[in-house]
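One structure is given here, and the rest of the page talks about it.
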Amino acid sequence: MTKTNPGRFFEDYRVGQVIRHAVPRSVAEGERALYHALYPARHALYSSDEFAAASGLDGSPIDDLIAFHVVFGKTVPDVSLNAVANLGYAEGRWLRPVWPGDTLRAESEVIGLKQNSSGVSGVVYVRTRGLNQMDEPVLEYVRWVMVRKRDAAAPAPETVLPDLAGAVDAASLIVPEGLSFADYDFDLAGEPHRLDDYRIGEKIDHVDGVTIEEAEHMLATRLWQNTAKVHFDATNRADGKRLIYGGHVISMARALSFNGLANAQMVVALNAGAHANPCFAGETVRAWSEVLDKAPTDAPGVGAIRLRLVATKGSSGDFALKGEDGRYAPEVLLDLDYWALMPV
Amino acid sequence: MTKTNPGRFFEDYRVGQVIRHAVPRSVAEGERALYHALYPARHALYSSDEFAAASGLDGSPIDDLIAFHVVFGKTVPDVSLNAVANLGYAEGRWLRPVWPGDTLRAESEVIGLKQNSSGVSGVVYVRTRGLNQMDEPVLEYVRWVMVRKRDAAAPAPETVLPDLAGAVDAASLIVPEGLSFADYDFDLAGEPHRLDDYRIGEKIDHVDGVTIEEAEHMLATRLWQNTAKVHFDATNRADGKRLIYGGHVISMARALSFNGLANAQMVVALNAGAHANPCFAGETVRAWSEVLDKAPTDAPGVGAIRLRLVATKGSSGDFALKGEDGRYAPEVLLDLDYWALMPV
Amino acid sequence: MTKTNPGRFFEDYRVGQVIRHAVPRSVAEGERALYHALYPARHALYSSDEFAAASGLDGSPIDDLIAFHVVFGKTVPDVSLNAVANLGYAEGRWLRPVWPGDTLRAESEVIGLKQNSSGVSGVVYVRTRGLNQMDEPVLEYVRWVMVRKRDAAAPAPETVLPDLAGAVDAASLIVPEGLSFADYDFDLAGEPHRLDDYRIGEKIDHVDGVTIEEAEHMLATRLWQNTAKVHFDATNRADGKRLIYGGHVISMARALSFNGLANAQMVVALNAGAHANPCFAGETVRAWSEVLDKAPTDAPGVGAIRLRLVATKGSSGDFALKGEDGRYAPEVLLDLDYWALMPV
């Protein structure tokens with residue numbers, strides 16, 4: 001019997017199955033510092049314990065996307081080792097801040113299955129939850145991936161398609177306990193724009209670009225204990241390129257969006273997301289955003305802004321997204337739909 | 001109205017103007033570890049809490065140059081986003097150690113302005129102070145940069161040139177409270193040489209060289225939240241090279257200077273500095289030092305040494321600096337004049 | 001007199017000489033995070049404070065190999081600055097966990113000397129001990145290196161060859177105080193295989209590969225304050241390559257071995273090791289293991305497994321090691337013989 005993990009194939013999943021993912025991970029100041037080294041992250045709430053304290057928190061939490069990447073990484077050996085493609089995200093919510101010293105683990109429930117007409121693969125839908133050391137949920141999201149079958153002759157499972165919301169309802173966003181932007185310092189945060197200054201439909205060119213290096217995306221992807229070999233092994237492709245973890249592009253784009261969205265402090269929901277085209281080292285990543293919606297919250301001075309965040313290896317100033325055929329333009333890397341908290 | 005930061009142009013500065021820079025930053029063990037990964041830093045006081053405690057401190061402070069880079073990085077969006085060149089430094093002093101867990105912010109006062117004869121740019125002088133979470137100053141320095149005008153037709157401001165000291169007077173150096181080298185362990189520090197062993201005019205070849213990679217200087221520059229796009233965006237230059245943040249060269253040279261100056265433990269003043277030539281990935285950085293001055297301090301066993309630190313992409317053994325025309329030799333990257341504390 | 005360290009030459013060593021190495025180093029959460037970024041490390045005991053606590057420890061210790069690299073790095077300026085080759089390891093034992101916040105230093109005793117027949121170099125054997133801030137030993141090992149003579153005409157010392165064990169006796173392995181695998185969670189650890197599931201002689205292909213970048217091995221090697229210039233200076237070789245620190249390959253292979261040996265949690269002894277061939281950036285490192293021995297320990301549920309860990313730049317599935325001539329195959333990078341603790 002082989003001792004190594006062959007990964008699960010499409011026929012290994014059953015609707016209702018709960019997978020407890022391996023290797024819990026403690027996160028602390030080291031992960032925070034590395035996040036600042038890997039991405040041009042400047043949102044003040046995650047940069048300064050003092051700014052976070054002035055916003056009613058006990059200190060600066062671990063970046064929301066660190067929590068996402070760590071939880072996502074845990075699922076890879078069980079969900080996407082034999083995946084052909086990461087197809088989408090839905091119903092993602094951050095439920096509780098992660099603090100330095102917390103230990104995260106993850107569980108996923110299979111909530112949908114659909115064999116492809118080709119018969120050689122199928123789509124698996126999982127709802128993943130990240131939990132801290134008190135077994136409190138910190139994060140949940142649905143993701144669906146196309147997974148190869150081990151045996152094309154294996155019978156197709158009954159098709160079950162989950163009923164997924166097009167976006168997280170603003171009323172169900174979780175604002176961290178105690179958060180208040182009543183005494184928000186716009187100077188220290190870096191920009192004067194409050195929620196009222198943004199209008200739905202407004203597009204923002206984030207201007208700056210970062211050229212990606214192999215060493216950097218591998219450092220990041222390993223840090224999240226994401227083991228998918230395509231990210232690390234140059235012998236996997238004829239051209240010797242390593243496919244960059246899609247989450248690296250998410251974090252890069254989110255960090256770049258500081259320039260124009262410095263006050264979109266906390267990510268609280270992931271409505272949808274598509275890794276439109278693969279990203280490779282040597283490409284220069286830029287980003288633009290579109291304001292999709294706005295909503296109030298019950299917390300003092302805190303509103304919610306729904307944003308489309310687009311990463312591109314082309315220009316960020318022409319706001320290119322899809323062609324007339326409805327397909328993503330070839331330079332678009334990421335199309336992410338999320339809610340963030342911002343001072344009203 | 002654009003939401004992104006266009007940076008200030010020459011005509012946006014006024015003498016006496018105080019700029020409160022954005023995005024305070026907490027620094028801790030993670031930044032310390034990354035500093036050791038990015039630079040061959042070995043000065044014992046910043047490597048070992050025990051060594052620092054034996055020197056009368058509460059533990060190992062955050063490296064002086066981390067404090068400098070963080071404070072400098074804060075100023076970039078307000079001072080040097082439209083800068084053509086970083087021209088000089090003066091009157092820099094470290095005023096108080098930064099401890100793990102401290103949060104730094106920065107303020108700058110415009111202390112001088114001089115439009116260039118070309119009329120398209122001018123020189124801006126700022127005195128920058130770094131402050132900790134108790135609003136105690138930890139660092140101050142003057143820097144002057146050449147900044148583009150938005151509109152060449154804008155009228156020239158009255159020329160104000162600050163009266164800057166050629167070097168920080170030894171009597172005004174600040175020795176951290178409690179510091180004592182009375183029981184200094186030269187074995188643990190790595191070299192036997194005390195202040196008395198160095199003579200003014202002595203030159204030291206630091207021998208070792210480090211070849212620079214794009215990934216490394218970008219990790220470093222992001223870590224200090226320095227957002228100048230020339231450091232990250234390969235599309236900014238026809239040759240696809242990224243200009244390396246001058247502070248990366250400062251830290252590299254200072255770390256290399258351990259070999260021969262292992263006991264120059266703490267940097268306490270920055271007298272002057274010139275980034276003589278740009279540095280690019282693939283170049284191998286070496287360093288040499290010249291002893292410029294020596295002075296006593298009031299702290300037990302603690303003296304001060306004034307050093308010229310030169311980084312070069314050529315040989316460090318021929319001590320090349322300037323040609324007969326008074327211009328820096330093409331291989332010289334950095335010419336830095338600083339005071340450090342050393343056991344007498 | 002030169003102020004820089006020329007390193008010791010063969011004739012500078014005497015049997016019985018004790019060298020107290022310079023620059024103690026505090027290690028904490030930052031080093032842990034960087035270790036996860038540099039290597040695909042996933043052993044649960046070093047990833048999760050909760051998993052470590054459930055195993056009877058006070059929290060997650062600093063990875064055994066971080067301790068090894070830090071201690072090894074301390075010895076380089078005194079032992080291997082003028083070394084031609086790092087020839088072998090023996091009698092290595094981890095004696096006590098290193099905790100975040102501990103400060104490590106190192107001492108070496110010269111235990112053997114043998115001049116080579118060429119007369120231009122000789123072999124130096126040292127027993128190195130790592131100590132924490134309470135002067136408690138945390139690690140010891142013997143290493144021997146070939147060191148150049150300063151002067152070929154210098155007389156040969158009397159040959160002294162230490163009597164070294166072929167492997168650390170299982171009875172002398174040190175199990176960290178309190179360690180218990182009685183309530184071991186195999187799901188969280190990532191694999192179901194316990195000591196009883198492995199048979200002596202079994203070989204395991206760890207499958208995954210990681211392509212090495214210059215930036216990464218330099219970050220790692222600097223982090224351990226290993227200053228050997230061959231690792232950093234591209235001008236040292238005609239082909240511009242930097243020789244990768246052998247310990248980088250050790251950590252990479254050990255991390256890759258998670259896939260098949262997820263439960264070989266703690267490294268407790270280093271029986272032998274050979275850096276069979278040099279490793280350079282651009283090569284893809286893979287690993288395989290062979291079970292050499294098994295032994296019980298006195299700790300609840302804890303057994304010991306003796307493993308051969310082989311790193312290769314070729315296939316890990318053909319288990320290549322040596323040719324018919326007894327020499328290492330050209331693709332083999334590392335042949336390491338160690339004991340690890342595993343649930344029985």
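Being a predicted model, the structure only gives us computed values, none of them experimental. In the text below, chain A, chain B and the rest are named by the order of the sequence lines, each starting its count at 1.
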For this session: Return the option, out of P24(A), P77(A), G240(A), with the maximum number of heavy-atom pairs under 4.5 Å with chain C.
Result: P24(A)

Problem set entry | Gap separating the CZ atom of F258(C) from the CG atom of N5(A), nearest 0.5 angstrom | 9.0 Å

For this session: May I ask you to name which of E214(A), E213(A), E216(A) has the most heavy-atom pairs under 4.5 Å with chain C?
Result: E214(A)

Problem set entry | Structural part of D185(C) lying under 4.5 Å from a heavy atom of chain A | side chain

Exercise. With respect to chain A, which residue among L45(C), T211(C), D187(C) yields the maximal number of heavy-atom pairs within a distance under 4.5 Å?
Worked result: T211(C)

For this session: Please confirm whether the backbone N or O of T284(C) pairs with a side-chain atom of D233(A), one donor and one acceptor, at under 3.5 Å?
Result: no

Problem set entry | L188(C) versus R20(A), closest heavy-atom pair with distance | CG-NH2, 3.6 Å

Seminar exercise, completed: H193(C) and T2(A) have their tightest heavy-atom pair at CE1-O, 4.5 Å

Seminar exercise, completed: Heavy-atom closest pair (K3(A) atom, E202(C) atom, distance to 0.1 Å) is NZ-OE2, 2.5 Å

Exercise. Which region of H21(A), side chain (C-beta onward) or backbone (N, CA, C, O), has a non-hydrogen atom less than 4.5 Å from a non-hydrogen atom of chain C, or is it both or neither?
Worked result: backbone

For this session: Using a cut-off of 6.0 Å, state whether more than 12 heavy atoms not belonging to D318(C) lie near its atom CG.
Result: yes

For this session: Can you check whether anything in residues 220-228 of chain A gets within less than 4.5 Å of chain C, heavy-atom wise, and list it by number?
Result: R222(A), L223(A), Q225(A), T227(A)

Exercise. Are there residues of residues 46-54 of chain C that reach to under 4.5 Å of chain A by heavy atoms, and which ones?
Worked result: S47(C), S48(C), D49(C), E50(C), F51(C)

Problem set entry | Structural part of L38(C) lying under 4.5 Å from a heavy atom of chain A | both

Seminar exercise, completed: Listed by number, the residues in residues 336-344 of chain C that come under 4.5 Å of chain A (heavy atom to heavy atom) are none

Seminar exercise, completed: Applying a strict 4.5 Å limit to non-hydrogen atoms, the region of D208(C) in contact with chain A is side chain

Exercise. Within a radius of less than 6.0 Å around CD of E136(A), do more than 12 heavy atoms belonging to other residues, nucleotides or ligands occur?
Worked result: yes

For this session: Quick one: closest heavy-atom pair of G190(C) and A22(A), and the distance?
Result: CA-CB, 3.3 Å

Problem set entry | Heavy-atom contact with chain A under 4.5 Å, split by part of V210(C) | both

Exercise. Heavy atoms under 4.5 Å from chain A: which residues of residues 25-34 of chain C carry them?
Worked result: E29(C), G30(C), A33(C), L34(C)

